[in-house]
There are 2 protein chains.
Amino acid sequence: MAEPRWLSDAEQDAWRTFVTMLGALVDHLDRQLQRDSKMPYTYYEILVVLSHAPNRELRMSELAGLRNSSRSRLSHAVARLEEAGWVERRECPTDKRGSLAVLTDAGFAALAAAAPGHVAAVREVLFDRLTPDQVKSLGEISAIVLEGLDPDKKNLPGSPEPGR
Amino acid sequence: MAEPRWLSDAEQDAWRTFVTMLGALVDHLDRQLQRDSKMPYTYYEILVVLSHAPNRELRMSELAGLRNSSRSRLSHAVARLEEAGWVERRECPTDKRGSLAVLTDAGFAALAAAAPGHVAAVREVLFDRLTPDQVKSLGEISAIVLEGLDPDKKNLPGSPEPGR
DNA sequence: GCGTCCTGGTTGAGCACTCAACAACCAAGC
DNA sequence: GCTTGGTTGTTGAGTGCTCAACCAGGACGC
């Protein structure tokens, strides 16, 4: 086996900073939501996606696709959200195998209550500290990396904000 | 309560792309390590940090600090690594409360075996797709965000590569 | 009709993490 | 010495995830 191509010093620096930032960022946002709104970030995103859907309902697998989540994960998650009263399951009228996840009024209210704090947190750690050029740059870099990871996935789910 | 400052369109775009990329990236790297080396990413990082330490040993809390990890998490993780034979616990000679985590030869070998694949994965999804300017930009942006999250933390643990 | 294969979704075991509680120990004051 | 308070590290319960196994129902062939 050939000697692997290790990272250059500049690459190592960038990688260490990036990966540390990444962990701290995810941790920070997750804790903020958990503390202030009693929900993990992933559940927040499920509620957001549902809030944007027509009738605030989606087939389980559509929801999983939009969330880049496995069916299993989503099934567990929706079970929790159902216990919390934020989502209901209904039978799919056109395919008896299927389930619909429906955002309840209580779920929408919980989302509406959680959103300002979450968006404020995102703004505070990210957008209020970066110049418009840096935001643009971050978007471009993210798109390039994402393209390499997920070549045929073009639909980006989930703005951080709830829908109408 | 005042109307929250929502994100601009450009910010929303950047955020969605960024957050989606982030999830996919973490997932990709974690799966690569789990598949090829039977260890989660966080355990890989513990081994890396230990491999760079003098005598390949560290106090638990130092290790936790370098890894930005809680004591509890580290304690659980080291218990697993000990089962795998990659790390040993020893008493700290100067403080009877303390424990030392010591990287074993088997642990070092496992790390050495895992490193090339991991670094190749990082290179493939990130550095081989970005220009040097973009790498520089990513590093700067990461540093700015990290500064806001972790104001007094200046030590960045963990290059992705094992030490001597 | 009937069989076969695929798809949608759920389930349960196992794993990594968090949080709170705890035991053991050090350090400082008296 | 003793007590008080902070530190170090572990433990156990609970949560969210993955993975593989599974059932139910659709889709296509015959």
Side-chain angles (χ1 to χ4, degrees), chain A residues 22-24 26-47 57-84 86-102, chain B residues 22-24 26-47 57-84 86-102:
Chain A
L22 201 143
V26 169
D27 194 66
H28 180 77
L29 295 179
D30 218 34
R31 282 174 192 278
Q32 184 274 324
L33 271 175
Q34 192 75 55
R35 175 168 41 81
D36 297 344
S37 308
K38 308 314 185 218
M39 63 177 96
Y41 182 66
T42 48
Y43 291 10
Y44 179 85
E45 287 198 302
I46 292 174
L47 298 186
E57 66 183 22
L58 281 171
R59 286 287 296 268
M60 291 296 279
S61 40
E62 282 185 86
L63 187 47
L66 288 170
R67 264 309 316 79
N68 296 326
S69 165
S70 70
R71 289 165 217 260
S72 167
R73 175 179 176 176
L74 187 68
S75 189
H76 286 295
V78 167
R80 287 273 172 193
L81 291 171
E82 209 170 9
E83 285 176 32
W86 292 338
V87 168
E88 272 178 24
R89 273 186 243 244
R90 287 191 203 142
E91 295 186 354
C92 176
T94 65
D95 183 341
K96 285 191 181 165
R97 290 170 303 182
S99 295
L100 291 175
V102 190
Chain B
L22 203 141
V26 168
D27 194 66
H28 180 77
L29 295 178
D30 217 34
R31 281 172 192 279
Q32 184 276 323
L33 270 175
Q34 193 73 56
R35 174 168 40 84
D36 296 345
S37 308
K38 309 312 184 217
M39 62 177 96
Y41 181 68
T42 48
Y43 290 12
Y44 179 86
E45 288 199 304
I46 292 174
L47 298 185
E57 67 182 23
L58 280 172
R59 286 286 295 270
M60 291 296 278
S61 42
E62 284 185 83
L63 187 47
L66 288 170
R67 265 299 336 51
N68 296 326
S69 165
S70 70
R71 289 172 219 275
S72 167
R73 174 180 177 175
L74 188 68
S75 189
H76 287 294
V78 167
R80 287 272 171 194
L81 292 170
E82 208 169 9
E83 285 175 31
W86 291 338
V87 167
E88 272 177 24
R89 273 186 242 242
R90 284 189 206 143
E91 296 186 353
C92 175
T94 65
D95 184 342
K96 285 188 182 168
R97 290 169 302 180
S99 296
L100 292 174
V102 190

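What's counted below: heavy atoms across the whole structure, side chains too, no hydrogens, waters or symmetry copies. Sequence lines set the chain letters: A, B, ... in the order given, protein chains first and strands last, and positions in each chain run from 1. Quick caveat, the model's predicted, so the values are computed rather than measured.
Taking NE2 of A:H76 as the start and CG of A:L81 as the end, the distance is 13.0 Å to the nearest 0.5 Å. Atoms CE and CD1, from B:M39 and B:I46 in turn, are 11.0 Å apart once rounded to the nearest 0.5 Å.
As rounded to whole Å, 12 Å separates atom P of C:dA16 from atom CE of B:M39. B:M60 has its CE atom 10 Å from the P atom of D:dT11, to the nearest Å. Taking atom OH of residue B:Y44 and atom P of nucleotide C:dC15, one finds them 23 Å apart after rounding to whole Å. Between A:H76 atom NE2 and D:dC19 atom P the separation is 12 Å, expressed in whole Å. Going from atom CG of B:D27 over to atom C1' of D:dG16 covers 14 Å, rounded to whole Å. For the pair A:D95 CG and C:dT10 P, the computed distance is 12 Å after rounding to whole Å. In this structure, B:R73 atom CZ and D:dT10 atom P are separated by 16 Å, rounded to whole Å. Protein atom OH of B:Y41 is 18 Å distant from nucleotide atom P of D:dT18, rounded to whole Å.
Place A:A77 and A:K96 on DNA chain D by their nearest nucleotides, and A:A77 ends up nearer the 5' end. For the pair A:S61 and B:R80, nearest-nucleotide mapping onto DNA chain C gives the more 5' position to A:S61.
If you check every strand for non-hydrogen atoms under 4.0 Å, A:S75 touches a base.
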Please step through side-chain hydrogen bond (donor to acceptor under 3.5 Å, both in side chains) for the pair A:D36 and A:Q32, ending with a clear verdict. CA-CA 6 Å; A:D36 297 344; A:Q32 184 274 324; 3.0 Å; yes
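Within 3.5 Å, a donor on the side chain of B:R97 pairs with an acceptor on the base of D:dT7, or the reverse. Donor-acceptor pairing under 3.5 Å, judged by distance alone, is present between the side chain of A:S72 and the base of C:dT11.
The shortest distance between side-chain heavy atoms of B:L100 and B:P93 falls below 4.5 Å.
Note on B:S99: a side-chain N or O is less than 4.0 Å away from OP1 or OP2 of D:dT10. Look at A:T42 and you won't find any side-chain N or O under 4.0 angstrom from OP1 or OP2 of D:dG16. Taking 4.0 angstrom as the limit, B:R71 places none of its side-chain polar atoms (N or O) nearer than this to OP1 or OP2 of D:dT11.
Put simply, the side chain of A:E45 never gets that close to the backbone of A:R67: no donor and acceptor are under 3.5 Å apart.
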